[in-house]
Structure formats: structure tokens, C-alpha cells
Amino acid sequence: MIISISGIRGILLNRRNILIMLMPIESMLLAVNSNFLVFSVSSDDMMGQSFASLVPTVAAAESAIGLAIFVITFRVRGTIAVESINSIQG
């Protein structure tokens, strides 16, 4: 619960750099993964552990796509500041 709250707070308080906004999203995925594992152990069910093994795959794909978008944006705009990306249209 503490990790997810700090992730939400990190997204809401840091609105300048998109790359740093991606890190709290990863911490929220870590919180979800921890919840899957804890509830799986407490209920003696393997389903939570199987979901927990899929979460790093989703996190890696999300990071790869996000970083690719950031690199393209940096090459076109010269910055990854949120203020300049808000002006992108189309």
C-alpha cells in the first residue's frame, strides 16, 4: 500500500520530466506484483504467483515502448519536458 501511494504521489508531484514520471509507474507495478504474491501465499493459491511472473514482462514492454517514444520525441523536439510535449497535436 505504501509503495502504490508513493507511486501515485510521484506522478502527481513530478510533472516536469516524462522520464522521471515513468519511474513511479514502475513502482506501482511493483506494488501490484507484491500484492499478488502476498495474497497468493495467504490463500494457498498458485494463480497469484503465475500473475506475478507476468508483471515483469508487462513492465519491460511498457518501459521499452515508453523509452522509444521518449527518444523519438527528444530527436524531434530536442527536449522531453512535459510543457513542450503538451503542444503536440495530431
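All figures in this text were calculated on a predicted structure; none of them were measured in a lab.
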**Message:** Could you measure the distance from the CG atom of Leu12 to the CE atom of Met21? Nearest 0.5 Å is fine.
**Reply:** 8.5 Å
**Prompt:** Hydrophobic clusters join Ile, Leu, Val, Met, Phe, Trp and Tyr when side-chain heavy atoms are under 4.5 Å apart, directly or via other members; which others share one with Val71?
**Reply:** none
Result block: side-chain N/O donor-acceptor pairs under 3.5 angstrom for residues 54-70, not counting sequence neighbours:
from  : atom 1 : to    : atom 2 : distance (Å)
Ser63 : OG     : Glu26 : OE2    : 2.7
Ser63 : OG     : Ala59 : O      : 3.0

Show me the donor-acceptor pairs within less than 3.5 Å that the side chains of residues 28-39 make with the rest of the protein, sequence neighbours left out.
from  : atom 1 : to    : atom 2 : distance (Å)
Ser34 : OG     : Leu30 : O      : 3.0
Asn35 : ND2    : Ala31 : O      : 3.4

**For Gly7 against Pro24, the heavy-atom pair lying closest together** = O-CB, 3.2 Å
**Prompt:** Nearest 0.5 Å, what's the OG-CD1 distance between Ser27 and Ile8?
**Reply:** 9.5 Å
**Complete:** Minimal heavy-atom distance between Gly48 and Ser40, with the atoms involved, is CA-CB, 3.7 Å
**Prompt:** Are there more than 12 heavy atoms of other residues, nucleotides or ligands under 6.0 Å from atom CD1 of Ile2?
**Reply:** no
